[in-house]
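In what follows, chains carry the letters A, B, and so on, assigned in the order in which the sequence lines appear, proteins first and then strands, with residues in each chain numbered from 1. Quantities reported herein were computed from a predicted structural model and do not represent experimental measurements.
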Amino acid sequence: MTKHKSDFINTVIERGYLHQCTDIDALDERASNGVVSAYIGFDCTAPSLHVGSLLPIMMLRILQQSGHKPIVLMGGGTTMVGDPSGKDESRQLLDEKAINSNMESIKEIFSRFLTFGDGPTDAVMINNADWLKELNYIEFLRDYGRHFSVNRMLSFDSVKLRLEREQTLSFLEFNYMILQAYDFLELNRRINCALQMGGSDQWGNIVNGVELTRRVDGKEAFGLTTPLLTTSSGAKMGKTAAGAVWLNADMLSPYDYWQYWRNTEDGDVIRFLKLFTDLPLNEIAELEKLSGAEINEAKKKLAFEATQMAHGIDAANAAAETAKKTFEEGKLGGDLPAFDISRSDLESGIQAFEALCRVGLCASNGEARRLIKGGGGRVNDKQIKSETETITLSDLNPDGVIKLSSGKKRHALLRAI
RNA sequence: GGAGGGAUGCCCGAGUGGCUAAAGGGGGCGGGCUGUAAACCCGCUGGCUCACGCCUACGUAGGUUCGAAUCCUACUCCCUCCA
């Protein structure tokens with residue numbers, strides 16, 4: 001492999017982040033000569049981000065670590081329009097207040113991966129509503145619309161595929177591409193942003209922004225995409241038993257986050273270590289030598305590193321400790337999700353299915369009953385025989401808690417107060 | 001503007017008057033095997049009670065009928081073709 005000049009490009013390639021780049025040598029040159037500002041766009045339809053967004057976040061982190069300036073572009077303006085890409089269902093339009101509050105909590109997440117501030121390589125967060133809302137249709141068409149050739153737009157995959165399949169492509173969707181290109185131009189003007197990154201599905205949009213910047217202002221700009229991430233068995237990243245794998249602790253506990261990574265498939269561990277941790281490549285190479293059941297050590301490392309990054313070292317240690325106790329020693333881990341129950345309820349006894357429901361292991365009483373019938377419900381690691389089995393004070397262990405389980409992996413504690 | 005087709009459970013998708021809480025698949029959950037992996041095999045998969053039963057559900061609102069996801073009317077949205 002040819003060595004590049006800049007740390008940034010080298011790292012990106014070595015760790016497996018690179019899918020396509022508009023001009024890798026020129027970008028390398030630029031990155032080796034000074035600070036490059038680069039951005040990635042994020043949606044702000046939800047108050048949190050999940051693991052699906054982790055790859056772009058890591059991209060920005062790598063960028064900052066190699067001495068450049070990350071820009072987090074929040075799609076406040078585009079969210080108001082509603083991004084029509086992907087599915088045909090139009091999204092719910094959010095009002096400004098909701099968007100702003102979502103932005104706040106998303107920023108919280110970013111602040112754990114990036115350093116924000118006013119310094120030359122400090123990350124900044126910008127909302128594209130700042131300029132998109134001000135746009136005047138006629139002026140916009142005249143100043144920028146003329147730089148877009150419909151002939152060329154039709155040749156982009158996103159458009160071409162739709163047309164070939166004879167699926168409707170609304171004018172709104174057709175324009176979305178232009179707005180995104182315009183974002184790049186605007187960022188280039190405001191803070192000299194020279195690079196847009198994103199998933200491989202964004203390639204067309206990114207290239208448009210690069211082109212527009214060059215045509216309108218004659219400035220050189222770059223685009224770089226990451227590969228589309230799926231697990232070895234082909235599933236999309238980010239979904240699990242309990243739903244989406246959220247990045248903030250109030251939507252998914254650090255323990256569960258740790259578990260998510262711990263349960264990575266064998267074939268993905270090394271790849272994920274490179275993409276989602278800061279571990280040096282030579283350490284990862286050591287882990288790569290493991291085989292068979294030993295791979296579990298690599299998984300623990302992955303889980304620890306990933307959790308530490310998102311939730312801090314204390315949370316990562318606690319999660320690892322709890323997992324060790326729970327799975328390897330068969331004891332109680334202190335970091336399991338815990339729920340309170342009043343002593344008087346326990347005195348009279350509550351039914352097993354109801355308890356499972358109360359700690360959130362089951363969504364309804366019916367589900368809990370089914371779980372028990374299928375032999376998957378446990379109280380203090382003993383299989384629940386009957387759905388009407390009651391749980392009482394006598395089930396409290398010496399620590400004053402009752403352990404409830406759904407299957408072998410999902411556990412919760414009931415604490416008497 | 002005209003003609004036709006469609007809207008079903010988390011998703012896809014059968015179902016044209018009672019046997020339909022609704023085939024099948026996917027996904028999910030649980031069990032088995034294992035290494036808290038993958039693959040594979042088995043079971044479950046609307047809510048309440050779980051014994052009967054009750055409630056909610058087939059785009060929305062009405063209607064016909066002993067009885068409707070299935071028939072009628074209006075409305076909404078989507079698609080295809082023609083202009």
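- Pair assignment for B:U20 gives none, since no Watson-Crick or G-U wobble pairing has each distance under 3.5 Å.
- Taking atom C1' in both B:G15 and B:G6, the straight-line distance is 15 Å, to the nearest Å.
- Between the CD1 atom of A:I372 and the P atom of B:U49 there is a distance of 13 Å, given to the nearest Å.
- OP1 and OP2 of B:G28 both lie 4.0 Å or more from every side-chain N or O belonging to A:R370.
- On a pure distance criterion of 3.5 Å, a polar donor-acceptor pair joins the side chain of A:D266 and the base of B:G35.
- Nearest to the side chain of A:N263, among B:G35, B:G30, B:U36, sits B:U36.
- Nucleotide B:G59 forms a pair with B:C75, judged by Watson-Crick or G-U wobble geometry with both contacts under 3.5 Å.
- Nearest nucleotide to the A:K409 side chain, out of B:A37, B:G30, B:U34: B:A37.
- The CG-P distance, from A:L371 to B:G28, rounds to 17 Å in whole Å.
- Comment: A:K385 does not engage A:E389 in a salt bridge, judged by the lack of any side-chain N to carboxylate O separation of less than 4.0 angstrom.
- A straight line from CZ of A:R271 to C1' of B:A37 spans 15 Å, rounded to a whole angstrom.
- Residue contacts shown for A:G292 include a base, since a base heavy atom lies under 4.0 Å away.
- Positionally, the nearest nucleotide of RNA chain B for A:G374 lies more toward the 5' end than for the other of A:G374 and A:S364.
- The phosphate of B:U49 has OP1 or OP2 within less than 4.0 Å of a side-chain N or O from A:N365.
- Taking atom CD of residue A:E328 and atom P of nucleotide B:G35, one finds them 13 Å apart after rounding to whole Å.
- Residue contacts for A:K373: at a heavy-atom cut-off of 4.0 Å it reaches no nucleic acid atom on any strand shown.
- With salt bridges taken as basic N to acidic carboxylate O contacts below 4.0 Å, none links A:R370 and A:E367.
- As the counterpart of B:G43, B:C29 is assigned, both hydrogen-bonding distances of the Watson-Crick or G-U wobble pattern falling under 3.5 Å.
- Judged by Watson-Crick or G-U wobble contacts below 3.5 Å, the nucleotide B:U64 has no partner.
- Heavy atoms from other residues, nucleotides or ligands lying under 6.0 Å from CD of A:E108 number 12 at most.
- Here the P atom of nucleotide B:U36 and the OH atom of A:Y255 are 13 Å apart, to the nearest Å.
- Ion pairing of A:K409 with A:D256 is absent here, as no side-chain N (NZ or NE/NH1/NH2) approaches a carboxylate O to less than 4.0 Å.
- In this structure, B:C81 forms a base pair with B:G2, meeting either the Watson-Crick or the G-U wobble geometry with both donor-acceptor distances under 3.5 Å.
- Note: A:F276 and A:W261 meet the aromatic proximity criterion, with ring centroids under 6.0 Å apart.
- Scanning atom types as modelled, one donor and one acceptor separated by under 3.5 angstrom connect the side chain of A:Q259 and the base of B:U36.
- Taking atom NZ on A:K408 and atom P on B:U36, their separation rounds to 10 Å, with Å as the unit.
- B:C29 atom C1' lies 13 Å from atom CG of A:L356, rounded to whole Å.
- The side chain of A:R378 lies closest to B:G31 when the candidates are B:U36, B:G31, B:A37.
- Searching all strands for a Watson-Crick or G-U wobble partner of B:U36 with both distances below 3.5 Å returns nothing.
- Checked against B:G35, B:G30, B:U36, the side chain of A:R262 finds its nearest nucleotide in B:U36.
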